[in-house]
Amino acid sequence: MSDQIAQRMQKLEALRAAGVNVYGGLKVEGLSLSSDVRARYEAAEKSVGYVWTPPPPKSWAKPKDADAAAAPAQPEQEQKGVEKPGQPKPESAEPKIEVPEIRATLAGRLMIMRVMGKAAFADLKDSAGRIQLYAQKNTLGDERFAAFKNLDLGDIVSVTGVMFRTNAGEVTLKVESFTLQSKALRPLPEKWHGLTDVEQRYRQRYVDLIVNDDARRMFRTRAAIVRSIREFLDGRGFMEVETPMLQPIPGGAAARPFKTHYNALDCPMYMRIAPELYLKRLLVGGYDKVFEINRNFRNEGMSRRHNPEFTMMEVYQAFGDCSTMMELVESLVTTIAETVMGSLVIKNSDGVEINLTRPWRRVAYADLVKERMGADWYELSREQRAAKAQALGLKHIDAATWSDLEITHEIYEKTIEHTLIQPTFVTRLPAVLVPLAKLAPDDPSVVDVFELEINGQEIAPGYSENNDAVDQRARFEAQARRVEGTHEEESGKIDEDFLTALEFGMPPAGGMGIGIDRLIMLLTGAASIRDVLLFPQLRPQ
RNA sequence: GAGUUGGUAGCUCAGUCGGUAGAGCAACGCCCUUUUAAGGCGUGGGUCCCGGGUUCGAAUCCCGGCCAACUCACCA
């Protein structure tokens, strides 16, 4: 144990012995937020026409009367006389404006203290921000002033007093009484640099949130974004639902699931990799507009863009289609950017500007590929394609084992996707890649879907959902054969009950998913998904 | 899973060629009644990530391990 913790333990015991309730008592009555109190005080100043002006520099040469400036003798004594608190200031040659008294009670964490003998300044941080406290021996009395100085940085206190403005112009609460609400046993990180060690910021997010205002702001923004998504969808008549996260068959995506075991039923269970198949059951049930915002779990690696659990929003609209969803996501993202971030132009973590102004580019997958690889790409043989891919640096592509489609898709993912910085709807993807979507009416080799790319990342896929029960079964079976023996095998299991639901008839529908964490990264310019997750996954220590 | 970089006081960081471990902040003591990274004087504080090895001697060099960040792979 560090000596500082030991010291604080001793202090805590001493306080207890003196009868102090070191962890606070009853609820704090009449509690205000620092931001509100500051605003009230500033309004009070305004109401009487008070405008703060900086005091004259340190010598008290400011004339109390006209001659005083000419008499430099004994400025110190004059200062003392002037500064005696609680007395009308004698220098009021110019009329003094009385600001109405604003009393307040605040509560928060003590972040810094500057003690000057018989007075002390401290910064209190509450959920709204920082505010300065001023404690004075004359006001508090010897004993309470000593107790105030005895507080530790990090302690949580409530304070009651009167607002004023210091010589330096800072709105400050003069403490008349205070109560220790929670003793901190551990010292805070350094006041200037804060906590910068990224590992510690993630592992001890609570400390990060105490000292780093950026972190606090980030998660408030996150909350605001999620709230406005809900408001937006609510405004369009969508119903929010919650479907199982613990599923007997993990479906709706191709990914490795987390496997667990349910004791009561003595059967294997999976953490969901997507809510899709359950939300579609609700379309069958007659809810035409539903959405869910909740966690998905994928048993895959972590990276700057991946966390094993992440927040997904999926939305379905009966009697809509892929184009319905394009309009929806365009409208949703621009609305959020404007209302929460205040701008349609955002900067990514490299400082590149992204303009979200509608309409967004729409381009077919095959056209992007041709744009990159030449107009004759789809006429080339597999060997020719593999050769061209290798020429681009994709050495691992092998014509002997890779299909045409795999080669093309590898090129899309490795050389095209990350170049789509400005919002782009990539449409008409190869049907094999998307078993849950409707085939394009004019070309059964592609599906009627989009993938929305912004900042080189897939932000949202949207589909014209497949509601053909027989076709869906066939494509599931093809998918199951495709992934058989691979690590995706468990996500290739066929959900018979879902197919049964389709057999009752599902209305044609548009569906879309948004990776919420990535959307937040995009809007806030965060470079790592860990910066937008309160408690990102780390290896246990 | 692979590569690169890093891990030194509560925090932020120095540490030269291998020669008994350093600063600022924080803490403790004293002075200081409008400071704001307050100031002044003084004091204490270390499993140098862990385990081996080389060496008279290792924070430093070598090997192994742990943890993290970044890049790559799986993936959204």
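Note that the coordinates shown come from a computational prediction; the quantities given were computed from them, not determined experimentally. In what follows, chains are A, B, ... by sequence order, proteins preceding strands, each numbered from 1.
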Applying the Watson-Crick and G-U wobble criteria at under 3.5 Å, what pairs with B:rG29? Answer none if nothing qualifies. B:rC41

Does a nitrogen or oxygen in the side chain of A:Lys191 sit under 4.0 Å from OP1 or OP2 of B:rA26? yes

Nearest to the side chain of A:Asp197, heavy atoms from C-beta on, is which of B:rU12, B:rU36, B:rC28? B:rU12

So if I take every side-chain heavy atom of A:Asp3 and compare against B:rC11, B:rG44, B:rC32, which nucleotide ends up nearest? B:rG44

Ignoring backbone atoms, establish whether A:Thr166 has a side-chain N or O less than 4.0 Å from OP1 or OP2 of B:rU35. no

So, under a plain 3.5 Å distance rule, would you say the side chain of A:Gln132 forms a donor-acceptor pair with the base of B:rU35? yes

Base paired to B:rA58 (Watson-Crick or G-U; both N/O distances under 3.5 angstrom): none

Do the charged groups of A:Asp213 and A:Lys125 touch, with an N to O distance under 4.0 Å? yes

B:rC67, OP1 or OP2 - any side-chain N/O from A:Arg539 closer than 4.0 Å? yes

If pairing requires Watson-Crick or G-U wobble contacts with both distances under 3.5 Å, which nucleotide is the partner of B:rU16? none

Partner set under salt bridge (Lys or Arg N to Asp or Glu O under 4.0 Å) for A:Asp152, not counting sequence neighbours: A:Lys11, A:Lys183

Is there a Watson-Crick or G-U wobble partner for B:rU71 with both distances under 3.5 Å, and which nucleotide is it? B:rA2

Please determine if a side-chain N or O atom of A:Arg114 lies less than 4.0 Å away from the OP1 or OP2 oxygen of B:rU34. no

With a 3.5 angstrom cut-off on both distances, give the Watson-Crick or G-U wobble partner of B:rG64, or none if there isn't one. B:rC50

I'd like the P distance from B:rG40 over to B:rA23, given in whole Å. 16 Å

Looking only at N and O atoms, is any donor in the side chain of A:Glu190 or the base of B:rA26 less than 3.5 Å from an acceptor on the other one? no

Face-to-face stacking of A:Phe310 with B:rA76, centres under 5.5 angstrom, angle under 30°: yes

Pair partner, B:rC11 [Watson-Crick or wobble, under 3.5 Å]: B:rG24

With the threshold set at 4.0 Å, does a side-chain nitrogen-carboxylate oxygen contact exist between A:Arg295 and A:Glu309? yes

Verdict with reasoning, A:Ile407 to A:Leu405, per side chain to side chain contact (heavy atoms under 4.5 Å, CB included): CA-CA 5 Å; A:Ile407 295 169; A:Leu405 181 127; over 6 Å; no

Sort out the partner of B:rU35 for me: Watson-Crick or G-U wobble, both distances under 3.5 Å, none otherwise. none

My understanding is that only residues two or more places apart in sequence, or in another chain, count here; which of them pass ring-ring contact (aromatic ring centres under 6.0 Å, His included) with A:Phe425? A:Trp360, A:Phe450

Strictly below 4.0 Å, heavy-atom distances to any atom of RNA chain B: list the hits from residues 182-189 of chain A, or just say none. A:Pro187, A:Pro189

Does A:Arg304 make a side-chain N or O approach to OP1 or OP2 of B:rU71 shorter than 4.0 Å? yes

Is a salt bridge present between A:Glu45 and A:Arg165, judged by a nitrogen-to-oxygen distance below 4.0 Å? yes

